[in-house]
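Read the structure below first, then the notes.
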Amino acid sequence: MKTYAVTVGRALALGAMALLDTVLVVVTLAAFVLAFGLGMVFMFPPAAQLIRHRTALARRLNGTWLGTAVPVPYLPPPLPTRPQPDGWYRHERQLYKTPRWPDWNNRWKWIVGDPATWRDGLWLYLNPVVVCALPLLPLTLAGCAVLAAWSAAPAALPLVLGCASAVALAATPLLLRGYAWWNQQLLSPTDRSVLAARIQRLDQARLATVDSQASELRRIERDLHDGAQARLVAMGMTLGAVEELMDKDPAAAKALLAKVREASSTALVELRDLVKGIHPPVLAERGLGDAVRALALDSPLKVTVTVDLDIRPDSPVESAAYFSISELLTNAARHGGAERVWIDISSNDHALRVVVTDDGSGGADPSLGSGLRGIERRLAAFDGVLAVSSPRGGPTTATFDLPYALLSEKGPDCKPSLPRGKAAIVGVCWGIGWLPLFPQGLVTMIMKLIDTDNRSWFLALYLPEALQWPLIVFNILLGLSMYAAGMLIPVMHARQQRLAEVLPVRLWLGR
Amino acid sequence: MVGPVSLRVVIAEDLYLLRDGLVHLLQAHDFEVVAAVESGPELLGALTGLRPDVAVVDVRLPPTFTDEGLQAALAARRAVPGLPVLVLSQHVEQLYARELLADGSGAIGYLLKDRVFNAEQFVDAVRRVAAGGTAMDPEVIAKLLASTARHQPLGALTPREREVLELMAEGRSNAAISQRLFLSESAVGKHTASIFAKLDLAPSDDDNRRVLAVLTYLNAARG
């Protein structure tokens with residue numbers, strides 16, 4: 001009872017908001033007319049921004065009140081324009097002294113070019129009507145009843161409308177669900193924009209990966225060139241000298257040989273360090289858990305490691321996770337002034353989840369520290385996300401998820417099998433779709449056309465003359481739409497599944 | 001140092017050149033190489049079947065090229081408790097050292113492959129392990145000490161005592177330590193007694209038990 005009252009209260013609140021929306025509609029429409037009719041384009045972005053604030057509220061309420069969360073659909077905002085080497089700011093073929101105009105232009109294009117802007121607008125303009133038709137339907141019907149009572153309508157009409165209003169009031173939760181569905185249709189991103197955003201992310205991740213790989217290779221090349229390679233050359237030369245000295249001065253030759261041995265151990269030490277930076281041997285030998293334990297043992301901090309993994313992730317994923325943890329550990333020691341660190345490695349569905357907590361002074365900020373940026377880049381290649389919580393005074397908790405890292409086989413894991421509810425609907429559609437279509441629809445139509453007296457079990461023919469044709473047409477349409485639903489539901493479901501497969505779990509995190 | 005009875009040794013190393021080098025080196029120092037194998041399963045068979053006096057084992061072996069050698073050595077030591085094994089590796093990890101020392105029965109060595117360069121010290125380490133002692137790589141000890149540096153009792157040691165502790169942890173006897181540090185043996189004895197007092201360990205005259213006590217202490221201290 002209480003929840004029902006809350007629902008009705010929410011419906012009323014939504015109605016009140018829709019009332020205020022009419023003001024917003026007038027204001028933004030005026031702005032649009034000024035912007036596109038009179039060329040006052042500067043009116044457009046603030047108006048669009050106003051609408052975005054309103055739809056942001058609607059999205060939030062859709063999640064908290066109506067139980068259907070709606071993701072934010074907007075494209076990522078443009079980056080600020082950067083000056084050219086000569087200090088000018090460029091936008092297309094024009095140069096500017098300040099970044100103001102290029103920035104404004106980019107922003108304009110960002111807002112106008114985003115389909116979500118227009119869908120937001122459409123939602124706002126339709127919202128007052130839809131609210132009257134769904135959450136406020138009882139009120140609307142009651143109002144009609146009152147109007148009908150006032151006017152010269154037949155006496156039965158107000159009574160019917162009043163009853164309908166009462167039924168609608170009882171069905172408010174259902175009406176609100178319908179409203180939530182409607183909101184979702186217009187306020188959530190389209191498949192197209194979801195894919196576009198996904199591609200943009202992948203593009204960035206690929207760029208970052210290629211970039212870091214190239215710089216890593218350069219570093220390795222430099223290390224080998226200046227280190228082991230140079231030492232081997234020196235060793236070769238010394239050995240040549242030993243060869244010459246061997247007969248003349250065996251003692252000096254011996255001393256030189258000792259030097260060669262020393263150089264070879266130094267070269268080995270350098271190579272060992274290099275290998276450790278590329279792919280630590282423990283990681284190759286033992287996997288992530290033991291490699292992190294080894295890391296913990298070598299750390300000057302008191303590190304507690306808990307590992308709860310059933311399957312070993314692929315080696316690139318392992319490597320990314322290992323180096324990220326290593327970096328976080330270094331950060332904790334260097335910047336955080338921590339003494340104790342807890343590392344927890346576990347599985348979260350198919351994702352690998354790592355939580356690193358330290359008792360340091362906190363205040364770590366991904367936008368400042370290049371270390372955290374590096375980790376983000378490293379994880380981005382695997383759709384991983386890093387979340388850092390680091391209030392001043394500590395403690396710092398860094399969590400990252402690597403989705404699909406623990407998928408045991410890479411095959412089509414989530415086969416497009418229908419959930420039970422949808423499967424039942426499809427079954428009913430295919431099973432009895434013939435009933436309205438053939439006997440009660442098409443055959444009845446033929447019977448009607450040849451004007452037979454035999455009514456047998458053709459229901460429509462028992463009705464008064466005026467209702468016969470409408471019912472026949474309705475039956476045919478019902479049968480056809482049942483078959484259409486039987487066909488389309490599995491197809492749509494498979495499509496959703498396919499889309500879900502290519503998309504990461506969370507899309508616009510951190511916005 | 002060359003004993004009258006030659007020790008029987010099993011060698012496991014997958015690189016032919018290094019295996020051959022080890023065979024020659026040990027043969028030159030009066031060891032009898034009873035088997036030189038190149039994979040994990042072969043090694044396990046040789047260790048449990050031939051029961052050598054000591055085994056020299058590479059950590060990474062075929063078929064998996066992971067820690068096959070280490071696992072085979074640990075398995076063999078479970079089957080034959082106290083079987084002397086000297087593990088060689090391109091890199092040393094405290095983690096592996098802990099696993100090797102875990103059973104507390106000694107007769108264990110863990111060295112970097114580079115240590116083979118110094119034939120005399122290497123052969124000395126092999127003999128020490130064969131005799132039931134330990135031979136830990138200085139790098140392992142350095143890592144152990146570095147990560148326990150902030151621990152209180154260790155901070156109370158004098159620099160000289162630390163040096164002695166390091167050498168002791170590597171598995172060296174008082175005599176060897178005194179030679180290394182140019183001290184008299186009795187001075188080393190005094191240092192060790194003082195170390196044991198500071199670390200609150202029961203004193204012991206037996207070299208091996210002493211080393212194990214120290215290593216266990218270092219391992220436990222960083223928990």
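In what follows, chains carry the letters A, B, and so on, assigned in the order in which the sequence lines appear, proteins first and then strands, with residues in each chain numbered from 1.
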Does A:R286 come within less than 4.0 Å of B:E99, counting only side-chain N to carboxylate O? yes
Heavy-atom count check: over 12 atoms from other residues, nucleotides or ligands less than 6.0 Å from A:E221 CD? yes
Less than 4.5 Å apart, any side-chain heavy atom of A:D290 and any of B:Y96? no
Could you give me the CA-CA distance, side-chain angles and deciding distance for B:K143 and A:L297, then say whether side chain to side chain contact (heavy atoms under 4.5 Å, CB included) is met? CA-CA 9 Å; B:K143 279 183 172 180; A:L297 285 173; over 6 Å; no
Is there side-chain contact between B:N118 and A:R261, with at least one heavy-atom pair below 4.5 Å? yes
How about residues 64-78 of chain B versus chain A: which residues have heavy atoms under 4.5 Å apart? B:T66, B:D67, B:L70, B:Q71
Walk me through it: do A:V275 and B:H91 pass the test side chain to side chain contact (heavy atoms under 4.5 Å, CB included)? CA-CA 10 Å; A:V275 164; B:H91 63 104; over 6 Å; no
In terms of heavy-atom contacts, does CD of A:E243 have more than 12 from other residues, nucleotides or ligands at under 6.0 Å? no
Highest number of heavy-atom pairs under 4.5 Å with chain B: which of A:P280, A:S264, A:P281, A:A284? A:P281
Heavy atoms of A:S265 and B:D114 approach each other most closely as O-OD2, 4.3 Å
Nearest-0.5 Å distance that lies between atom OG in B:S89 and atom CZ in A:R272: 8.5 Å
Could you tell me which of B:E93, B:E139, B:K113 has the largest number of non-hydrogen atom pairs under 4.5 Å with chain A? B:E93
